[in-house]
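Below you'll find the structure, written out as structure tokens, and then a few comments.
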Amino acid sequence: MARSPKTAAAAAHSLGKPLKRSFFARSVLEVAPDLIGATLLVDGVGGIIVEVEAYHHTEPAAHSFNGPTPRNLVMFGPAGFSYVYRSYGIHWCVNFVCEKAGSASAVLIRALEPTHGIPAMRRRRGLHDERSLCSGPGKLCEALGITIAHSGLPLDTPPIALHARVGKPEIVTGLRIGITKAVDLPWRYGLKDSKFLSKRF
DNA sequence: ATCGCGATCTGCT
DNA sequence: GCAGATCGCGATC
């Protein structure tokens, strides 16, 4: 039986109701901040989303900007599915597809605060302090075991589960990281004062 | 604390 | 060919 959270910290670790695919059928600029504080689990392993970035195909930093390719095809499909890509030939990065089919917009998940399955995450990542387990888009995919095999999967069906946040967190915004195009758009969102960010705002 | 580098996949020129 | 939505390591300040 779940008990009601007595502190802000406890609330931040509580699981809200499961998010359905329809949650993502909105502007990527609405979905991105609403994901801060939500919990992402893959096969029961994961944590609280503390950092995301929004990408829309009308701006050149998005993978979908130049139209569909074998890699980005799922971005052009319906909302509520995952888009996983290989970054720099080494890492995997996971996005949530938003808006309507053909909009080709997505939210990149950049950092989690680990809460579930921390031993499994440590095993996958090697010796690491908890703060470094999921503090970057490539890191969190390694910690959760996300690969290309998870691309195109629905976000409301096992092995993936998303739970709404409990309460309303303080959200900070800033410029997106690691890009050279459309660098002026403030489409990075984070949980204020989180110690699990990929980089300070 | 910051810098440079290697790893080597995907898509564009 | 080359740049890129990255990361971890070792060298250096």
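Values in this document were obtained by computation on a predicted structure and should not be read as measured data.
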Going from [atom1] on [X] to [atom2] on [Y], what distance comes out if it is rounded to the nearest 0.5 angstrom?
X: His56(A); Y: Trp187(A); atom1: NE2; atom2: CH2; value: 7.0 Å
X: Asp156(A); Y: Leu162(A); atom1: CG; atom2: CG; value: 9.0 Å
X: Glu99(A); Y: Met75(A); atom1: CD; atom2: CE; value: 10.0 Å

Counting side-chain heavy atoms from C-beta on, which of [options] comes nearest to [X]?
X: Thr180(A); options: dT6(C), dC12(B), dG4(C); result: dG4(C)
X: Ile90(A); options: dA5(C), dG11(B), dA7(B); result: dA7(B)
X: His91(A); options: dT6(C), dG4(C), dA5(C); result: dT6(C)
X: Arg71(A); options: dC12(B), dT10(B), dA5(C); result: dT10(B)

Would you kindly give the [atom1]-to-[atom2] distance between [X] and [N], to the nearest whole Å?
X: Tyr88(A); N: dA5(C); atom1: OH; atom2: C1'; answer: 7 Å
X: Asn72(A); N: dA5(C); atom1: CG; atom2: P; answer: 13 Å
X: Glu51(A); N: dA5(C); atom1: CD; atom2: P; answer: 16 Å
X: Lys139(A); N: dC7(C); atom1: NZ; atom2: P; answer: 6 Å
X: Glu59(A); N: dA5(C); atom1: CD; atom2: C1'; answer: 10 Å
X: Leu133(A); N: dG8(C); atom1: CG; atom2: C1'; answer: 15 Å
X: Phe65(A); N: dG11(B); atom1: CZ; atom2: P; answer: 17 Å
X: Ile179(A); N: dT6(C); atom1: CD1; atom2: P; answer: 9 Å

Examine [N]: is either OP1 or OP2 under 4.0 Å from a nitrogen or oxygen in the side chain of [X]? Give yes or no.
X: Arg125(A); N: dG8(C); value: yes
X: Ser198(A); N: dT6(C); value: no
X: Ser87(A); N: dA5(C); value: no

Practice item. Name the pairing partner of dC13(C), where a pair is Watson-Crick or G-U wobble with both distances under 3.5 Å, or state none. Key: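 dC13(C) is paired with nothing.
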Check your understanding: dT8(B) pairs with which nucleotide, Watson-Crick or G-U wobble, both distances below 3.5 Å?
Key ->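 Across all strands, not a single nucleotide pairs with dT8(B).
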**Study point:** Whichever of Arg86(A) and Leu140(A) has its nearest DNA chain C nucleotide further upstream toward 5'
**Key:**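 Looking at DNA chain C, the more 5' nearest nucleotide goes with Arg86(A).
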Exercise for review: Map Ser132(A) and Tyr85(A) onto DNA chain C by nearest heavy atom, then report which one ends up closer to the 5' terminus.
Suggested key: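 Counting from the 5' end, the first nearest nucleotide belongs to Tyr85(A).
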Check your understanding: Considering only the P atoms, how many Å lie between dA5(C) and dT13(B), rounded to the nearest integer?
Key ->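 It works out to 14 Å between them.
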Point to revise | dC5(B) to dC13(C) separation - P atoms, rounded to the nearest Å | key: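 Per the computed distance, 14 Å lies between those P atoms.
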Practice item. Evaluate salt bridge (Lys or Arg N to Asp or Glu O under 4.0 Å) for Arg124(A) paired with Glu142(A), printing each intermediate quantity in order. Key: CA-CA 7 Å; Arg124(A) 289 167 175 153; Glu142(A) 183 173 39; over 6 Å; no
Review point. Which of parallel (below 30°), tilted (30 to 60°) and perpendicular (above 60°) describes Tyr85(A) and His63(A)?
Key: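 Geometry flag for His63(A) against Tyr85(A): perpendicular rings.
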Review point. Looking at Phe24(A), does the NZ or CZ of Arg21(A) lie under 6.0 angstrom from its six-membered ring centre and within 45 degrees of the ring axis?
Key: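 Negative - Arg21(A) is either too far from the ring of Phe24(A) or too far off its axis.
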